[in-house]
Novice: 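First, the structure itself, so that you have it in front of you.
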Amino acid sequence: MAAVQRSPWLAPLRLALGGSGSVLVLVEGPAGLGKSRALHRLSGLPEAAAARRVLWRCGTAQERPETGGGAALLLVDDVHRAAPEEREWLRGVLERPWEGLAAVLAYRPEELGTCGLPLGVPAVSYPPALAVFRHRLRVWSVDRVRRAASEALGERATPEAVARLHACSGGVPQVVADLLGVLRAGPGSRCTAADVDAAGVPVRLAELVLSRTDALAPADRPVVWAAAVLGEPAARDELLSVAGTDPARGRAALLAALARAALSEVSQGRYGFAVPLAATAVRERVPGPVR
């Protein structure tokens with residue numbers, strides 16, 4: 001919540017909940033960074049107590065709520081899963097906002113149908129009076145992982161275990177939490193880096209990366225398999241060489257893997273898994289002779 005408290009959009013949002021102005025906050029972050037948790041915390045703002053609070057989760061066939069007029073906190077989760085009619089409804093609300101509307105839309109940018117446009121094309125015609133902000137969630141630092149480990153494991157958490165937790169999770173809060181859930185149940189008075197390795201790949205992470213890989217065309221999957229076998233970010237040419245594809249076919253496969261979020265550009269010109277531990281989940285499913 002500390003990052004939220006320092007955000008430039010928090011004061012306008014509070015003013016809107018007090019009936020002055022209207023505001024939209026776009027909260028974006030890849031899977032596992034805590035978008036739903038951020039919405040839940042915003043619903044607990046003191047200014048929200050006197051406003052109508054509406055929580056809407058896209059893609060669940062919920063009945064659309066009535067939201068017109070007065071101070072209202074509209075919290076919308078999973079916008080990347082919105083059906084066409086849900087996107088149109090949200091467009092209508094945001095293109096005709098009223099005094100007192102505080103809307104917060106959360107989504108995974110890597111799963112949007114149109115890159116950079118939460119509600120697709122054409123871009124929403126935001127009226128001049130609507131204050132619009134974007135808030136990008138970030139992965140946890142080593143210090144933040146250390147605090148989480150101390151809360152979960154107490155003095156059992158060694159510096160080596162914390163460093164390994166941060167490295168293999170990529171600092172993604174949900175992955176850290178899932179690993180700590182396994183480690184908390186472990187025996188012994190100390191938790192080491194070896195214990196973190198033995199915890200394996202969390203089910204949530206494994207199913208996400210495997211489903212994204214399976215969503216690719218069969219001809220595109222070898223580039224993801226190659227990234228998993230390498231186990232660390234690699235330059236395009238190295239990745240395609242390991243995948244055994246010609247440059248043209250390999251370039252198309254890499255673009256498809258990036259578009260489907262099966263792979264990420266982890267650093268400038270280097271491609272792999274945003275969560276390093278995801279490589280293990282994919283590598284275990286690569287047929288032995290291919291691996």
Novice: Does a side-chain N-to-carboxylate-O contact under 4.0 Å join E207 and R212?
Specialist: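 Answer for the salt bridge query: no.
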Novice: Could you tell me the separation between the CZ atom of R184 and the SG atom of C191, rounded to the nearest 0.5 Å?
Specialist: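 Between R184 CZ and C191 SG, I get 11.0 Å after rounding to 0.5 Å.
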Novice: Using the side-chain contact (heavy atoms from CB on, under 4.5 Å) rule, pick out the option among V175, L165, V196, V145 that qualifies with L180.
Specialist: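 Single pass found, and it is L165.
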Novice: So, are D246 and R249 salt-bridged, with charged N and O less than 4.0 Å apart?
Specialist: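 A salt bridge is absent here (no side-chain N lies under 4.0 Å from a carboxylate O).
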Novice: Is the closest side-chain heavy-atom distance between T192 and E160 below 4.5 Å?
Specialist: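 Side-chain contact under 4.5 Å: no.
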Novice: Can you confirm whether or not the ring centre of H166 sits under 6.0 Å from the ring centre of W140?
Specialist: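 Not close enough - the centres of the two rings lie 6.0 Å or further apart.
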Novice: Shortest non-hydrogen contact from T158 to R190?
Specialist: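 Scanning both residues completely, I find the closest heavy atoms to be CG2-NH2, 3.4 Å.
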Novice: Taking the side chain as C-beta and beyond, is there a heavy-atom pair between W98 and T67 under 4.5 Å?
Specialist: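 Side chain of W98 against side chain of T67, heavy atoms only: contact under 4.5 Å found.
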Novice: Donor-acceptor check, side chain of E95 to backbone of V124, threshold 3.5 angstrom: yes or no?
Specialist: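 Such a contact is absent between E95 side chain and V124 backbone.
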Novice: Take atom CZ of R221 as the centre, draw a 6.0 Å sphere, and report whether it contains more than 12 heavy atoms from other residues, nucleotides or ligands.
Specialist: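 Yes, because the 6.0 Å sphere around CZ of R221 holds more than 12 heavy atoms from other groups.
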Novice: Rounded to the nearest 0.5 Å, what's the gap from CG on L55 to OG on S43? Could you check?
Specialist: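 Here the interatomic distance stands at 7.5 Å.
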Novice: Can you say whether the rings of W89 and W56 are parallel (under 30°), tilted (30 to 60°) or perpendicular (over 60°)?
Specialist: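 Ring orientation, 0 to 90° scale: tilted.
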Novice: Can you check whether V76 reaches L39 side chain to side chain, under 4.5 Å on heavy atoms?
Specialist: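 No, their side chains stay 4.5 Å or more apart.
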Novice: Does any non-hydrogen side-chain atom of R108 lie less than 4.5 Å from one of K35?
Specialist: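 A side-chain contact under 4.5 Å exists here.
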Novice: Measuring only between side-chain heavy atoms, which start at C-beta, is E265 closer than 4.5 Å to R236?
Specialist: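 A side-chain contact is absent here, since even the closest heavy-atom pair is not under 4.5 Å.
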Novice: State, to 0.1 Å, how close P187 and R156 come at their nearest heavy-atom pair, and which atoms those are.
Specialist: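 Nearest pair, atom of P187 first, then R156: O-NH2, 3.6 Å.
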Novice: Considering only heavy atoms from C-beta outward, does the side chain of L179 approach that of C168 to under 4.5 Å?
Specialist: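 L179 reaches C168 side chain to side chain.
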Novice: Any idea which heavy atoms bring P202 and D178 closest together, and the distance?
Specialist: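 Closest pair (atom of P202, atom of D178, distance): CB-CB, 3.6 Å.
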Novice: Around atom CZ of R291, are there more than 12 heavy atoms from other residues, nucleotides or ligands closer than 6.0 Å?
Specialist: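 For R291, atom CZ is crowded (more than 12 foreign heavy atoms under 6.0 Å).
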Novice: With a 4.5 Å heavy-atom cut-off, do L26 and L24 have their side chains touching?
Specialist: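 Touching, per the 4.5 Å side-chain cut-off.
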Novice: Do the side chains of V224 and Y271 get nearer than 4.5 Å, heavy atoms only?
Specialist: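 No; the side chains remain at least 4.5 Å from each other.
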